[in-house]
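Heads up: numbering here begins at 1 and tracks the sequence.
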Amino acid sequence: MLQAVVLASSVIPMWMLGSRKNLSGLLKMLLCAALLFYPALSGGTSYDLHENCFLTPLILWLMYGLERDSVPITATSVFLTLCVKEDAPVYV
């Protein structure tokens, strides 16, 4: 259940990134739906907890922080991404 909630939370930064890029509401909704129903992401929610489920929302928050030039959002998402697993610096 936690993995599904964490994955669903990635819709928030995706929606805000779409708003920053002046995408229409329909296009933002389609992008968020594609994110939620992408088999590589949603398929892992049906079994044990895996740390990779945290990477998608954190990297989207990182992209949003960079897009807004927000040091607090960027620094927080970088720190949390680096805490997920040992190869996370590659994503940052």
Neighbour count above 12 (heavy atom, 6.0 Å) for Met63 CE: no

Chi angles and distances behind the side chain to side chain contact (heavy atoms under 4.5 Å, CB included) call for Cys32, Val11: CA-CA 6 Å; Cys32 290; Val11 168; 3.7 Å; yes

Minimum heavy-atom distance between Ser77 and Leu58, given as atom pair plus value: CB-O, 3.8 Å

Within-4.5 Å side-chain heavy-atom neighbours: Thr56 and Ser10: yes

Whether Arg20 side chain and Tyr64 backbone form a donor-acceptor pair below 3.5 Å: no

Heavy-atom check, side chain of Leu62 versus side chain of Tyr91, under 4.5 Å: no

Side chain Thr74, main chain Gly65, donor-acceptor under 3.5 Å: yes

Rounded distance (nearest 0.5 Å) linking atom CG of Leu36 with atom CG of Leu31: 11.0 Å

Straight-line distance of Leu23 CG to Met14 CE, nearest 0.5 Å: 10.0 Å

Single-linkage hydrophobic cluster, 4.5 Å side-chain cutoff, Ile12 and Leu55 together: yes

Same apolar cluster: Leu66 and Phe79, side chain cutoff 4.5 Å: no

Candidate pair Val84 and Leu80, rule side chain to side chain contact (heavy atoms under 4.5 Å, CB included), full reasoning: CA-CA 7 Å; Val84 171; Leu80 291 174; 5.9 Å; no

Met16/Arg68 under side chain to side chain contact (heavy atoms under 4.5 Å, CB included): CA gap, chis, key distance, verdict: CA-CA 10 Å; Met16 291 193 288; Arg68 278 194 59 201; over 6 Å; no

Minimum-distance pair of heavy atoms, taken over all atoms of Pro57 and Val6: CG-O, 3.5 Å

Residue pair Leu60 / Leu35, side-chain heavy-atom distance below 4.5 Å: yes

Close side-chain approach of Leu17 and Lys28, heavy atoms under 4.5 Å: no

Within one Ile-Leu-Val-Met-Phe-Trp-Tyr cluster: Phe54 and Leu82, side-chain cutoff 4.5 Å: no

Worked verdict on Trp61 versus Thr76 for side chain to side chain contact (heavy atoms under 4.5 Å, CB included): CA-CA 9 Å; Trp61 277 111; Thr76 303; over 6 Å; no

